[in-house]
Number of protein chains: 2
Amino acid sequence: MKQRGERVDAIYAGLRLAILEQVLQPGTKLPEDAIGEQFGASRTVVRRALELLAGEELVDIRPNRGATVAKPSLDEARDLFSVRQDVEQMVIRRLCGRLTPAQAKRLEAQIEAEERAHREGRPEYIRHAAEFHLVLAEMTGSPLLVRYMRQLVGRSALILGLYGRPRWTDCSVQEHRDLVTCLLNGDLARLEHLMHHHLEAVLSRAIDTAARDKERGIRDLLAPYVEAARSG
Amino acid sequence: MKQRGERVDAIYAGLRLAILEQVLQPGTKLPEDAIGEQFGASRTVVRRALELLAGEELVDIRPNRGATVAKPSLDEARDLFSVRQDVEQMVIRRLCGRLTPAQAKRLEAQIEAEERAHREGRPEYIRHAAEFHLVLAEMTGSPLLVRYMRQLVGRSALILGLYGRPRWTDCSVQEHRDLVTCLLNGDLARLEHLMHHHLEAVLSRAIDTAARDKERGIRDLLAPYVEAARSG
DNA sequence: TCGGGCTAAATCGTATACAATTTGATCAGA
DNA sequence: TCTGATCAAATTGTATACGATTTAGCCCGA
């Protein structure tokens, strides 16, 4: 029998990927027994993995009711994106004008991977695009920022899958290139502006659309009843 | 037998308090059995509590070696304080000029509790002072910011206990008052300045002193050997 | 037909048993 | 005396058993 938390990590990683790739959709129940059987592990181990995921709010655990894939509300989504805006600003402020050639190369490679996947129609381009922001955080050398960014990026992906439209991410390759250029020549004001609008385009517009759709949806749903009340 | 995670929460809260009040000092081993016996719970429950504490980095869990009270390095301390500076700036930027009278009153009450405890020499004044920053975060209405601030404040307390000198916190009452005043009249530039220097005084100077002490300590430790090398 | 209570199935929360690992002490040999 | 191997004690990692809780289906009486 293997020891250590290797198995916990494996299950954690597996579930996390499945959630972020939308194989497990928000709201899906995650019973400990079923998952344990799948992975060939006991509930003890599965539970620990689920608790880790709950720690980054990718799954919801409600006492005595089990775990489900998290289904953030629009309010939670707005809160998340708003905080992410600020944290990304923290990151670029720390990096602006301080990028080494090696780091610039690393970023360019990341963008190229994203571009290639996007051109070839592979869905990993989403993961690569998200990783770009994580790599930026890593370059600050601040473990805490990395930790936060990892959570923020993961949860953002979940939310985009829930509310977003894929087309919003199309422009991100060029925007990522512009960000790197700006980081290199140290134009902080322009950099902040670019990052803000980049995130606005990718994140906020998606959920704003969702919010409008939802409002309209409620109106439509209620319309027949209003009609009935008027005539009845 | 009670159900739910109530018992986990109780143990979590108990351990957390003990750590933050420095009853359990950094490095102290936290064996699951011993704690379980103390609280009258099984290892299962204790383990969960320890994992929660590890989640906010108040305890260290190393595979097969058990949990100890976290003992952050000076580098980790610097990283934490640096990020905390930025997050606190996020908070005041969101609150500046937007404080309701009720909120101002709440803050004043918090400061008074701190002042009273300080005047009477009760050690809770430290907890009250830390809570002030948490209350500010709560007033932003952003659950995420509250979450982050809670972690940051908790870990800051741990670090101050490890490296800090108590006298640095003396001036915080007046500084907290100034912050509230500034939040009310909406002078953002001055507010940012105040908060920066407030945190600098409370946090950074403490560990800078510790760093100098440590450096000097190494010099002292090495001195005899240098002497020996010179004569040998 | 419909709502309220009852029961059974599913699933979680906790305790406990046992295996695996670490750690420190002991002891033999150089 | 010192070094390294070996073994026992302490402690963690995982599996599993069992009680507790939720949930949903079912039946029955109105």
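Order of the sequence lines fixes the chain letters, A, B, ..., with proteins taken first and strands second; residue numbering starts at 1 for each chain.
A donor-acceptor pair shorter than 3.5 Å can be found between the side chains of A/Asp79 and B/Ser142. Of the N and O atoms on the side chains of B/Glu114 and B/Ser172, at least one donor lies less than 3.5 Å from an acceptor on the other residue.
Judged by distance alone, with hydrogens and angles left aside, B/Arg43 brings a side-chain donor or acceptor within reach of the base of D/dG13, the pair sitting under 3.5 Å. Residue-to-nucleotide contacts include no donor-acceptor pair under 3.5 Å from the side chain of B/Arg65 to the base of D/dG13.
Residue B/Ser42 places at least one side-chain N or O closer than 4.0 Å to OP1 or OP2 of C/dA15. For B/Arg47 and D/dG13, the shortest distance from a side-chain N or O to OP1 or OP2 is below 4.0 Å.
Distance B/Glu51 CD to D/dT12 P: 12 Å, rounded to the nearest Å. C/dT14 atom P lies 10 Å from atom CZ of B/Arg48, rounded to whole Å. Protein atom CG of A/Asp9 is 10 Å distant from nucleotide atom P of D/dT14, rounded to whole Å. Between A/Arg7 atom CZ and D/dT12 atom C1' there is a gap of 15 Å when expressed in whole angstrom units. Look at NZ on A/Lys29: it is 9 Å from C1' on D/dT22, rounded to the nearest Å. Note: CZ (A/Arg62) to P (C/dC12) measures 12 Å, nearest angstrom. If you take CD1 of A/Ile11 and C1' of D/dT14, they are 11 Å apart, rounded to a whole angstrom. Rounded to an integer number of Å, the gap from CD of A/Glu37 to P of C/dA10 is 13 Å.
Base engagement by B/Asp33 is indicated by at least one non-hydrogen atom pair under 4.0 Å involving a base atom.
By the 30° and 60° cut-offs, the orientation of the rings of B/His198 relative to B/His176 is perpendicular.
Taking the side chain of A/Ala41 as heavy atoms from C-beta on, and the options D/dA15, C/dA15, D/dT14, the nearest nucleotide is D/dA15. Here the side chain of A/Pro31 is nearest to one of D/dG13, D/dT11, C/dC12, namely C/dC12. Closest contact between the side chain of B/Val45 and the listed nucleotides D/dG13, C/dG13, C/dT14 involves C/dT14. Checking C/dT11, D/dT14, D/dT22 against every side-chain atom of A/Asn64, the shortest atom distance belongs to D/dT22.
Looking only at distances, no side-chain donor or acceptor of B/Glu200 sits under 3.5 Å from a matching main-chain atom of B/Arg205.
Here A/Arg147 pairs with B/Glu57 in a salt bridge; the nearest charged N to carboxylate O distance falls below 4.0 Å.
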